[in-house]
A.B. asks: 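Here's a structure for you.
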Amino acid sequence: MVKGKLSKTFEPQTAEKKLYQYWLDHDLFHAHDTSSQKPFSVVIPPPNVTGMLHMGHALNNVLQDIMVRFRRMQGYNTLWMPGTDHAGIATQNVVEQELAKEGISRHDLGREKFIERVWQWKAKYGGVIINQLKRLGCSCDWARERFTMDEGLSRAVREVFVRLYHDGLIYQGDYIVNWCPRCHTAISDLEVEYIQEEGALWHIRYPFVNGNGGVVVATTRPETMLGDTAVAVNPHDERYKELIGKEVLLPLVNKVIPIIADEYVAMEFGSGAVKITPAHDPNDFAIAGRHHLEIVKIMDGSAVINENGGSYRGQDRYTCRENVLKDLEEQSYLVSKEKYLHSIGQCYRCKTNIEPMVSMQWFVKIQPLAKKAIEAVAKKETKIVPSSWEGTYFEWMSNIRDWCISRQIWWGHRIPVWYCDHCKETIVSTQTPQTCPTCKGVALKQEEDVLDTWFSSALWPFSTLGWPDESAALKTFYPTSLLITGFDILFFWVARMMMMGLYVMGDVPFRDIYLHALVRDDKGEKMSKSKGNIIDPLEMIDKYGADAFRFTLAAFTAQGRDIRMSEDRIEGYKFFINKIWNATKFSIMNLADYPAEGVFVDRSDESLPDRWIKDRLNKTISEVNRGLDEYRFNDAAAGIYQFIWHEFCDWYIELIKPALYNSNDAKEKLAAQHTLLTVLKASLKLLHPFAPFVTEEIWQALSCEEGSIMISEFPLGDESYEDAEAARQMDLIINIISAVRNIRGEMRIAPSKKLHATVSVADKDSLSIVKSGKNYIINLANLDGLDFGVDINDPKGVATSVVGSMKVFVSLAGLINLDEEKARLEKEIVKLQKDIAFISKKLDNQDFLQKASEDVIKKEKVKYQEFTEKHRILKAALSKIRTISL
RNA sequence: GGGCGGGUAGCUCAGUUGGGAGAGCGCCACGUUUACACCGUGGAUGUCACAGGUUCAAGUCCUGUUCCGCCUACCA
């Protein structure tokens with residue numbers, strides 16, 4: 001007996017909380033370190049510990065949860081590894097702001113105390129986003145939750161650093177880096193955002209040391225001239241050939257600098273002569289290296305002019321610019337100024353203009369690592385989906401530059417390098433050394449810098465699994481099966497994980513990478529706080545339920561396209577959640593007398609609708625499986641939606657109502673009940689990865705089921721459900737019903753008004769189908785009677801419709817005026833005439849007949865037959881009406 | 001400068017080997033039939049951006065143009 005209790009509507013707020021707790025209590029998210037089942041593993045893209053759940057997180061994690069639940073139901077030993085990222089600069093900023101409210105700076109506290117404060121902050125607020133993920137229904141293995149600053153992960157960081165160092169892949173040196181004057185740290189090339197800005201191009205004359213005249217250089221940053229150590233021209237530039245090797249006097253500074261020749265200089269740009277400031281421009285730095293130029297740094301860490309700037313010392317770089325320009329003008333060195341649109345780099349964290357600056361930093365020599373990461377994707381050891389991203393990946397990886405990994409902040413993994421005060425030895429070690437191995441001195445000082453946060457996240461796929469220990473989890477789950485993340489961190493994170501995974505583990509970190517797009521608002525604009533167009537995922541969950549929200553995201557996740565999110569859509573899918581809820585209520589109501597245990601239903605007892613819906617179910621199952629296998633989330637979602645609503649609810653349930661209500665045929669009823677329950681259960685399972693809460697709630701309400709739907713078996717196709725014959729027959733019956741409904745609708749006849757219909761068939765096969773489907777037609781077309789036979793002449797006063805080789809006549813006696821039917825027929829006839837003209841043109845074409853495939857030609861001929869026949873019948877019906885109405 | 005994606009119904013978008021274009025929402029009409037008005041039934045709406053080309057046949061393949069979006073780059 002199937003009993004169950006479902007309230008009038010599904011109430012997400014209470015159910016979600018209860019069910020999530022149920023899953024936790026039963027430990028259903030837990031993966032096993034060792035198991036005979038095949039492993040499936042996913043590591044979460046760790047959200048910033050400072051983060052709050054936004055749409056991007058929601059999409060990313062919903063897609064992961066869909067895949068994870070799908071594979072878990074398929075019987076995989078499924079691990080979804082959760083955790084957060086310590087987000088060095090961002091977190092330090094947050095805590096510094098907190099301190100600022102108390103009127104102190106981190107320097108007042110000192111490094112150790114400050115770090116303590118950050119940990120306190122983390123303990124208090126760091127778990128917020130984790131709890132928000134739970135609201136989405138994420139089935140992460142929470143017992144394994146990790147943090148990039150954990151002891152274990154820190155150990156992995158030190159270990160990798162030391163290995164890279166000893167392999168010669170880490171070096172320290174004075175190089176030009178992107179310096180943020182506000183964060184007081186170097187940042188990597190990737191952390192610089194370029195924006196277009198209306199600036200100016202100033203032309204400045206540098207006079208020759210000997211003789212009259214001078215050379216004019218063009219610059220967008222006149223203040224940097226204080227650090228110029230050369231002027232460069234192109235060696236092939238006829239205008240300047242004579243000047244190469246000569247010297248000019250740097251205005252304001254009164255320093256003699258050489259004119260050099262370098263291929264880098266573009267002759268056609270500006271004046272064709274470039275001032276060279278090696279300490280504050282990456283290109284100039286490169287030129288300085290080639291020509292062994294002096295490097296003069298003119299700013300300090302706050303981008304304030306230093307002692308090398310002479311009288312400008314103490315001025316901010318932009319104040320200095322004004323003053324330099326004023327002075328140049330006064331001294332007649334300024335030749336001209338023109339408006340100029342150019343791009344300038346900003347710190348992606350604080351939007352301060354980046355100052356390129358030479359400083360002592362640590363770098364990873366990246367080319368050897370990148371090479372292997374390129375090969376791995378080229379050899380398909382890792383597959384990127386959609387594959388269009390592969391090109392971007394190759395392009396970037398091939399042109400990659402060394403990675404600056406040191407940061408001059410406090411919050412992060414301190415670089416495991418110590419310096420001996422006594423003998424100046426550099427010690428690189430995973431363990432804190434007590435004495436200097438060279439001189440046995442004990443005065444050791446650790447490197448002040450910390451590592452880029454991405455250095456630790458690059459290790460995430462194996463550090464979270466226990467590396468550097470050879471843990472069982474690592475053995476079972478590495479390489480991970482799948483990474484789902486946004487394309488915007490392909491370089492930041494994915495590429496670096498690829499490199500580190502291959503370097504450390506000797507194998508790729510993941511088999512598949514699925515890159516999803518951005519979530520935008522309904523107008524296609526990027527969501528941002530300043531625009532005020534943020535849609536808060538938690539608000540949506542409160543309002544419509546997590547299931548509706550999740551289903552919406554899945555339904556709109558088409559590969560390679562951004563998602564436009566709007567509330568209306570979420571509401572629409574809430575209606576869908578309600579639909580299956582009600583279908584279940586109906587089922588439970590009609591299964592009260594169904595003996596759930598040990599039922600044997602002879603397949604020969606199954607009705608046509610039973611056979612048909614199973615055939616449809618089978619097709620849906622393969623559609624959903626294929627969709628998820630190929631990460632075509634929208635296809636999978638659309639398949640299950642279409643099936644549940646428009647096949648199961650719209651047709652199947654309506655078709656079997658008589659069998660359920662009027663139990664004069666016990667076998668038929670039992671078969672219907674059996675099929676109803678079978679299809680409902682399979683539908684719930686198919687839907688579960690998308691809508692975990694409502695499906696679990698329903699599952700547990702069905703008294704015939706025990707345990708969680710989460711660990712039930714995901715439907716696989718059943719060959720015995722395939723039934724092309726049932727599909728063909730049902731199709732015909734549905735078409736007849738639709739024909740009658742169409743006439744009813746077009747004639748605006750009330751749905752409650754019972755009609756009489758006659759079906760004229762052309763052959764015995766159709767006759768037997770109509771005969772067996774008679775009651776379905778009567779019920780769903782709401783008829784009071786149905787006549788049928790071979791080649792019946794159309795009765796008087798009917799509306800006519802053609803279905804394949806059959807004619808459907810609906811008696812209209814006394815119901816409507818015939819003009820309406822006339823109009824309906826004329827509309828149909830016009831459409832047919834167009835169709836027929838189009839096809840006959842094709843069939844008259846000799847080329848078509850000779851070159852098209854036989855199948856296509858045959859199809860066209862059949863269509864032609866059908867259309868002309870239909871046309872003939874409707875035409876006859878029309879003329880008959882004309883005679884009547886005359 | 002280079003690269004990528006996109007321009008299909010009023011809106012948001014599907015359309016995987018080239019054989020007469022689909023969905024959801026919205027809209028219109030009718031309707032409280034014992035799961036559901038968070039519903040049912042029916043209906044309307046498209047020079048598939050533009051121009052060429054390949055082909056018997058193009059939304060789909062090729063070329064060019066145009067508009068939009070994104071990524072990327074060391075011409076000061």
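Chain letters run A, B, ... following the sequence lines, proteins first, then strands; residues in each count from 1.
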A.B. asks: Name the closest nucleotide to the A:Arg401 side chain, picking from B:rG20, B:rC74, B:rA35.
C.D. replies: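 Among B:rG20, B:rC74, B:rA35, the one nearest the side chain of A:Arg401 is B:rC74.
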A.B. asks: How far, in whole Å, is B:rG15 from B:rG31 if one measures between their C1' atoms?
C.D. replies: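 One C1' to the other, the span is 34 Å.
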A.B. asks: When you compare B:rG5 with B:rA44, how far apart are their P atoms, in angstrom units rounded to a whole number?
C.D. replies: 37 Å
A.B. asks: Partners of A:Glu268 by side-chain contact (heavy atoms from CB on, under 4.5 Å), sequence neighbours excluded?
C.D. replies: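 Testing A:Glu268 for side-chain contact (heavy atoms from CB on, under 4.5 Å), a comparison that skips the adjacent residues, returns A:Ala266.
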A.B. asks: With a 6.0 Å cut-off on the ring centroids, do A:Phe690 and A:Phe576 count as close?
C.D. replies: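 Centroid separation for A:Phe690 and A:Phe576: 6.0 Å or greater.
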A.B. asks: Check nucleotides 37-40 of chain B against the protein and report each pair of N or O atoms closer than 3.5 Å, with its distance, or say if there are none.
C.D. replies:
from: B:rC38; atom 1: O2'; to: A:Asn578; atom 2: ND2; distance (Å): 2.5
from: B:rC39; atom 1: O3'; to: A:Lys579; atom 2: NZ; distance (Å): 3.1
from: B:rG40; atom 1: OP1; to: A:Lys579; atom 2: NZ; distance (Å): 2.9
from: B:rG40; atom 1: OP1; to: A:Trp645; atom 2: NE1; distance (Å): 2.6

A.B. asks: Reckon A:Ile577 touches a base, only the sugar-phosphate, or nothing at all at heavy-atom distances under 4.0 Å?
C.D. replies: nothing
A.B. asks: Among B:rG19, B:rG20, B:rC74, which nucleotide has an atom closest to any side-chain atom of A:Phe867?
C.D. replies: B:rG20
A.B. asks: What interatomic distance, in whole Å, is found between C1' of B:rG18 and the corresponding atom of B:rC61?
C.D. replies: 8 Å
A.B. asks: Mark yes when over 12 heavy atoms from residues, nucleotides or ligands other than A:Lys657 sit less than 6.0 Å from its NZ; otherwise mark no.
C.D. replies: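 Enclosed: over 12 neighbouring heavy atoms sit under 6.0 Å from NZ of A:Lys657.
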A.B. asks: Using 30° and 60° as the class boundaries, would you call the ring planes of A:Phe491 and A:Trp396 parallel, tilted or perpendicular?
C.D. replies: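 Taking A:Trp396 first and then A:Phe491, their aromatic rings lie parallel (interplane angle under 30°).
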A.B. asks: Looking at every strand, decide which applies to A:Gln850 at a 4.0 Å heavy-atom threshold: base, sugar-phosphate, or nothing.
C.D. replies: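 Nothing, no nucleic acid heavy atom in range.
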A.B. asks: Do NZ/NE/NH1/NH2 and the carboxylate oxygens of A:Glu860 and A:Lys863 come within less than 4.0 Å?
C.D. replies: yes
A.B. asks: Round to a whole Å and report the spacing from CD1 of A:Ile698 to C1' of B:rA35.
C.D. replies: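 Going from CD1 in A:Ile698 over to C1' in B:rA35 covers 12 Å.
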A.B. asks: Counting only side-chain N and O atoms of A:Tyr393, is one of them less than 4.0 Å from OP1 or OP2 of B:rG3?
C.D. replies: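 Result: no.
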A.B. asks: Which nucleotide in the list B:rA76, B:rG20, B:rG19 gets nearest to the side chain of A:Phe269?
C.D. replies: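 Among B:rA76, B:rG20, B:rG19, the one nearest the side chain of A:Phe269 is B:rA76.
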A.B. asks: Using a heavy-atom cut-off of 4.0 Å across all strands, would you classify A:Glu390 as base, sugar-phosphate, or nothing?
C.D. replies: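 The answer is nothing, as A:Glu390 stays clear of every strand by at least 4.0 Å.
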A.B. asks: For nucleotides 52-59 of chain B, tabulate all protein N/O to nucleotide N/O atom pairs closer than 3.5 Å, reporting atom names and distance.
C.D. replies:
from: B:rC56; atom 1: OP1; to: A:Lys851; atom 2: NZ; distance (Å): 2.5
from: B:rC56; atom 1: O2'; to: A:Asn845; atom 2: ND2; distance (Å): 3.2

A.B. asks: Rounding to the closest angstrom, what is the interatomic distance between B:rG22 and B:rA9 at atom P?
C.D. replies: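 Going atom to atom, P in each nucleotide, I get 14 Å.
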A.B. asks: So what is the 5' to 3' dot-bracket string for RNA chain B, if pairs are Watson-Crick or G-U wobble with both distances under 3.5 Å, crossing pairs use [ ] and | means the partner sits on another strand?
C.D. replies: ((((((((.[[[[.)...(..]]]].(((((.......))))).....[[[[[..)....]]]]])))))))....
A.B. asks: Could you pick out which residue, A:Asp635 or A:Lys827, lies toward the 5' side of RNA chain B when each is mapped onto its nearest nucleotide?
C.D. replies: A:Asp635
A.B. asks: Between B:rC71, B:rA76, B:rG20, which one does the side chain of A:Ile839 approach most closely?
C.D. replies: B:rG20
A.B. asks: Check for me whether the distance between the ring centres of A:Tyr544 and A:Phe549 falls short of 6.0 Å.
C.D. replies: no
A.B. asks: Return the value, rounded to whole Å, for the distance between atom CD of A:Glu571 and atom C1' of B:rU12.
C.D. replies: 16 Å
A.B. asks: Taking only the P atom of each, what is the distance from B:rU65 to B:rC39 in whole angstrom?
C.D. replies: 49 Å
A.B. asks: In whole angstrom, give me the gap between the C1' atoms of B:rA73 and B:rC4.
C.D. replies: 15 Å
A.B. asks: Whether the side chain of A:Glu746 and the base of B:rA44 hold a donor-acceptor pair under 3.5 Å is what I'd like checked.
C.D. replies: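 In this structure, the two groups form no donor-acceptor pair.
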A.B. asks: Starting at the 5' end of RNA chain B, which residue's closest nucleotide do you reach first, A:Ser271 or A:Ser738?
C.D. replies: A:Ser738
A.B. asks: Could you tell me whether A:Lys669 and A:Asp593 make a salt bridge, using a distance below 4.0 angstrom between a side-chain N and a carboxylate O?
C.D. replies: yes
A.B. asks: Quick one: is B:rG19 close enough that its OP1 or OP2 comes under 4.0 Å of any side-chain N or O from A:Lys863?
C.D. replies: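 For A:Lys863, the contact criterion (side-chain N or O under 4.0 Å from OP1 or OP2 of B:rG19) is not met.
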A.B. asks: Using atom P in both nucleotides, what's the gap between B:rC50 and B:rC11 to the nearest angstrom?
C.D. replies: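 To the nearest whole Å, 16 Å.
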A.B. asks: Can you check the distance between B:rA76 and B:rC71, where both ends of the measurement are the C1' atom (answer in whole Å)?
C.D. replies: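 Those two atoms are separated by 24 Å.
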A.B. asks: Indicate the ring-plane relationship of A:Phe586 and A:Tyr661, choosing parallel, tilted or perpendicular according to the 30° and 60° boundaries.
C.D. replies: perpendicular
A.B. asks: Restricting to side-chain contact (heavy atoms from CB on, under 4.5 Å), what partner residues turn up for A:Ile344, sequence neighbours left out?
C.D. replies: A:Ile195, A:Glu197, A:His342, A:Asn353
A.B. asks: At under 4.0 Å, does any side-chain N or O of A:Asn399 touch on OP1 or OP2 of B:rA73?
C.D. replies: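 False: A:Asn399 side-chain N/O out of range (4.0 Å or more) of B:rA73 OP1/OP2.
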A.B. asks: Can a donor-acceptor pair be found between the side chains of A:Tyr206 and A:Asp228 at a distance below 3.5 Å?
C.D. replies: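 Judged by distance alone, the side chains do pair up.
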A.B. asks: For RNA chain B, determine which residues of residues 218-234 of chain A have any heavy atom closer than 4.0 angstrom to one of its atoms, and list them numerically.
C.D. replies: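 Those residues whose heavy atoms fall under 4.0 Å from RNA chain B, taken from residues 218-234 of chain A in numerical order, are A:Ala218, A:Thr219, A:Thr220.
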A.B. asks: Rounding to an integer number of Å, can you tell me how far A:Met747 CE sits from B:rC30 P?
C.D. replies: 16 Å
